[in-house]
**Student:** 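I have a structure here, written as structure tokens, and I will follow up with some questions on it.
This one's a predicted model, so the numbers in the text were calculated from it and none came from an experiment. What's counted below: heavy atoms across the whole structure, side chains too, no hydrogens, waters or symmetry copies.
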Amino acid sequence: MSEQLGVLSALDLAKTQWYHFTAIIIAGMGFFTDAYDLFCISIVTKLLGRIYYHIQNSTRPGSLPPNVAAAVNGVALCGTLAGQLFFGWLGDKLGRKRVYGITLILMVLCSIASGLSFSHSPKAVISTLCFFRFWLGFGIGGDYPLSATIMSEYANKKTRGAFIAAVFAMQGFGILAGGIVALVVSAAFNNRFPAPPYSENPSRPTIPEADYVWRIVLMFGAIPAGITYYWRMKMPETARYTALVAQNAKQAAADMSKVLQVHLEAEEQKPTTESNQNPNRFGLFSKKFAKRHGLHLLGTTTTWFLLDIAFYSQNLFQKDIFTAIEWLPPAATMSELEECFKIARAQTLIALCGTVPGYWFTVVFIDYIGRFVIQLMGFIMMTIFMFALAFPYNHWKEKPHRIGFVVMYSLTFFFANFGPNSTTFIVPAEIFPARLRSTCHGISAAAGKAGAIVGAFGFLYAAQSKDPAMTEPGYPTGIGVKNALIVLGCINFLGALFTLLVPESKGKSLEELTGENQGDDDGIGTSPV
């Protein structure tokens, strides 16, 4: 077709309306739940160790063995990776809407089941917890490509970046909510069932009521997901999928006329024949895709992979960093619920100071300064702050400099979120053709989760002290926090280099970016600006 379909042009030029904000909330609540479920586990792992791996009269409270800790922390990430690939592909085959509800149902059911892990023996509880968290992750994984693609295809070209960023920014509130829920629950139980510090009575078993705390924290994630199910099912299929993939422009115009305050003329599409076939109708594994989008896919996958190594390793061993700088007292000086409370408080403060603001800076500025600049700046600033934390690490550990350490650590989170953590989610939803958009976003996101698994598994070991006497029980010696931070700084620098492969998509329509429906055989170039 030589001219762009009217319905797609109308979407690009439509004014920002109430329905756009409704779509942000509906898609964003999925991400709120995603972040809550993925990050709340790091708050309760210490508590799980105390409950199920208590050794009577040991000088240290019980802790999860290394293989168990790796499984509990990483199994949901493995499920997420699989879900991103599967639901990304399914979203292009069956349509965004038809698949969107399935992911939410999985998240609700598995959040609840995670807190109902069977039996009281450590093996049974941890096994069933890991089983349900894998399938929880599988549902979460589907939300990544579907939410990004739906928001991208609903938005107008002027504010599309801000809309997709706002969906992703709900992740910050999810992380914050995880900390707040754990704070409230652990404080309430500690007030009702007080217990002395571990060191006062090492033979005392963990209070049985503590077993309810981690279950309540994990199960709470089902509530926001369940609330939005009805509205998610009421959303129509995106016009771009209906018009460009399902080849039904008349239905696309009818759907969008109902939800957007614009009158769209129903138009008939010519049947696709060999003589008028769109040049963008090529497969993922075709030479044409490799020529036009191969470098773009390499750029989106590598940058997300490298970013998530750094991002998830920080979140997973931040409680150990807080212990090192004495924000968290030694575990033996606290009761089980007091320790859970203080870990949650530390995570909440970091989320409040560094995580949440960064997401919303991206929302405000992304359509002004562009995706490329924000991503490159974010990676460079993360590199600088990682090295600034690492090389004088002994300086930051000294008591007078603790606040400075926390400020620097918060700034790395700020520039992760006002940087590549947001843009790696946004760009893959914009630069690939509609019929492959969800699949390519799923592949990019899955590469990110592969990086998260490297961070989650690798840095549980790497961040251990080089002194055998200072390692956690069951762990071999590692390279220490200082050297781990240096490695992460180098990884962030690599991310800045691979950002050069990612094109700028600011201010362009999705069809202009991909060459769809315009007979343009060149599509977007590789230039970032």
**Student:** Flag the pair D37 / I140 as yes when at least one side-chain heavy-atom distance between them is below 4.5 Å, and no otherwise.
**Tutor:** yes
**Student:** Please report the shortest heavy-atom distance between I43 and A182, naming the atom on each side.
**Tutor:**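 Looking at all heavy atoms of both residues, the shortest contact is CG2-CB, 3.7 Å.
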**Student:** Could you tell me which residues satisfy ring pair (Phe, Tyr, Trp, His ring centres under 6.0 Å) with F391, sequence neighbours excluded, listed by chain and number?
**Tutor:** F387
**Student:** What I'd like to find out is whether the side chain of L116 reaches to under 4.5 Å of the side chain of M219, using heavy atoms alone.
**Tutor:** yes
**Student:** With heavy-atom distances below 4.5 Å as the criterion, would you say the side chains of Q347 and S42 are in contact?
**Tutor:**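 When only atoms from C-beta onward are counted, S42 and Q347 do touch, with a gap below 4.5 Å.
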**Student:** Give a yes or no answer on whether the side chain of N492 reaches the backbone of L488 with a donor-acceptor pair at less than 3.5 Å.
**Tutor:** yes
**Student:** Please examine the side chains of K449 and C78, heavy atoms only from C-beta on, and report whether any two atoms are closer than 4.5 Å.
**Tutor:**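 Not touching, per the 4.5 Å side-chain cut-off.
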**Student:** Mind checking whether F86 and L90 have side chains closer than 4.5 Å, heavy atoms only?
**Tutor:**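 A side-chain contact exists here, since the closest heavy-atom pair is under 4.5 Å.
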**Student:** Please indicate whether I55 has more than 12 foreign heavy atoms, meaning atoms of other residues, nucleotides or ligands, lying under 6.0 Å from its CD1.
**Tutor:** no
**Student:** State the NZ-CG distance between K342 and L183, to the nearest 0.5 angstrom.
**Tutor:** 12.0 Å
**Student:** Could you pull out the closest heavy-atom pair between G221 and T33, with the gap in Å?
**Tutor:**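 In terms of heavy atoms, the two residues are closest at O-CG2, 3.1 Å.
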**Student:** Answer yes or no: is there a side-chain heavy-atom contact under 4.5 Å between F138 and T80?
**Tutor:** no
**Student:** Are the charged groups of R50 and E339 less than 4.0 angstrom apart, N to O?
**Tutor:** yes
**Student:** Say whether, by atom type as modelled, one donor and one acceptor occur between the side chain of S127 and the main chain of A124 under 3.5 angstrom.
**Tutor:**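 Here the side-chain-to-backbone pair does not exist.
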**Student:** How about F132 and W135: are their ring centres within less than 6.0 Å of each other?
**Tutor:**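 For F132 and W135, the ring centres are not under 6.0 Å apart.
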**Student:** Please check if the side chain of N190 supplies one atom and the backbone of S186 the other of a donor-acceptor pair under 3.5 Å.
**Tutor:**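 Side chain of N190 to backbone of S186: no pair is present.
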**Student:** Are Y198 and S58 side-chain neighbours, meaning at least one heavy-atom pair lies under 4.5 Å?
**Tutor:**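 They are in side-chain contact.
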**Student:** Side chain of S152, backbone of A429: donor and acceptor closer than 3.5 Å?
**Tutor:**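 Answer holds: yes.
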**Student:** CD1 of I180 to SG of C40: how many Å apart, nearest 0.5 Å?
**Tutor:**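 The CD1 atom of I180 sits 13.5 Å away from the SG atom of C40.
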**Student:** When the ring centroid of F31 is compared with that of F168, is the distance short of 6.0 Å?
**Tutor:** yes
**Student:** To the nearest 0.5 Å, tell me how far K234 NZ sits from K97 NZ.
**Tutor:** 8.5 Å
**Student:** Only counting residues at least two apart or in another chain, list the ones meeting side chain to side chain donor-acceptor pair (under 3.5 Å) with T128.
**Tutor:**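 Applying side chain to side chain donor-acceptor pair (under 3.5 Å) to T128 gives none.
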**Student:** Between atom OG of S422 and atom CG of L307, what is the distance when rounded to the nearest 0.5 Å?
**Tutor:** 9.0 Å
**Student:** Counting neighbours of CZ on F493 that are heavy atoms of other residues, nucleotides or ligands and sit closer than 6.0 Å, is the number greater than 12?
**Tutor:**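 Counting neighbours around CZ of F493, 12 or fewer heavy atoms of other residues, nucleotides or ligands fall under 6.0 Å, so no.
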**Student:** What orientation do F385 and F415 show, parallel under 30°, tilted 30 to 60°, or perpendicular over 60°?
**Tutor:**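 Answer is parallel, since the angle falls under 30°.
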**Student:** Any heavy-atom pair between the side chains of M170 and D34 that's under 4.5 Å?
**Tutor:**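 D34 does not reach M170 side chain to side chain.
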**Student:** Check whether N73 reaches the backbone of A69 with its side chain - one donor and one acceptor, N or O, closer than 3.5 Å.
**Tutor:** yes
**Student:** Please work out which of the three classes, parallel, tilted or perpendicular, describes the rings of Y144 and W304, given edges at 30° and 60°.
**Tutor:** tilted
**Student:** Starting at CD of E209, measure out to CD of E336 and round the result to the nearest 0.5 Å.
**Tutor:** 9.5 Å
**Student:** Over all heavy atoms of both residues, which pair between R232 and S147 is shortest? Give the atoms and the distance, please.
**Tutor:** NH2-OG, 4.4 Å
**Student:** Provide the closest heavy-atom pair for F32 versus A177 in the form atom of the first, atom of the second, distance.
**Tutor:** CZ-CB, 3.4 Å
**Student:** Applying ring pair (Phe, Tyr, Trp, His ring centres under 6.0 Å), can you list everything that pairs with Y36, at least two apart in sequence or on another chain?
**Tutor:** F220
**Student:** In this structure, is the centre-to-centre distance between the rings of F414 and F361 below 6.0 Å?
**Tutor:** yes
**Student:** Restricting to non-hydrogen atoms, name the atom on R96 and the atom on I150 that form the minimum distance, rounded to 0.1 Å.
**Tutor:**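 Shortest heavy-atom contact: CB-CG1, 3.6 Å.
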**Student:** What is the minimum heavy-atom distance between L136 and M107, and which atoms define it?
**Tutor:** CD1-O, 3.6 Å
**Student:** Please lay out, stage by stage, how E338 and R345 fare under the test salt bridge (Lys or Arg N to Asp or Glu O under 4.0 Å).
**Tutor:** CA-CA 10 Å; E338 187 183 359; R345 183 182 65 181; over 6 Å; no
**Student:** Go through the steps to decide whether N421 and Y359 satisfy the test side-chain hydrogen bond (donor to acceptor under 3.5 Å, both in side chains), and finish with yes or no.
**Tutor:** CA-CA 9 Å; N421 195 38; Y359 285 113; 3.2 Å; yes
**Student:** How long is the span from the SG atom in C110 to the CD1 atom in I105, to the nearest 0.5 Å?
**Tutor:**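 The CD1 atom of I105 is 11.5 Å from SG of C110, to the nearest 0.5 Å.
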**Student:** We want to know whether Y52 and D211 form a side-chain donor-acceptor pair, criterion being a heavy-atom distance below 3.5 angstrom.
**Tutor:** yes
**Student:** If only side-chain N and O atoms count, and only distance matters, is there a donor-acceptor pair under 3.5 Å linking T424 with Q375?
**Tutor:** no
**Student:** Would you find a donor on one side and an acceptor on the other, under 3.5 Å apart, between the side chain of T423 and the backbone of I374?
**Tutor:**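 Flag not set: sc T423 to bb I374 has no pair under 3.5 Å.
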**Student:** Taking Q84's backbone N and O only, do any of them form a donor-acceptor pair with H441's side chain (distance below 3.5 Å, no angle check)?
**Tutor:**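 Absent.
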**Student:** Is the side chain of T303 donor-acceptor paired with the backbone N or O of F498 at a distance under 3.5 Å, no angle test?
**Tutor:**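 No: the side chain of T303 does not pair with the backbone of F498.
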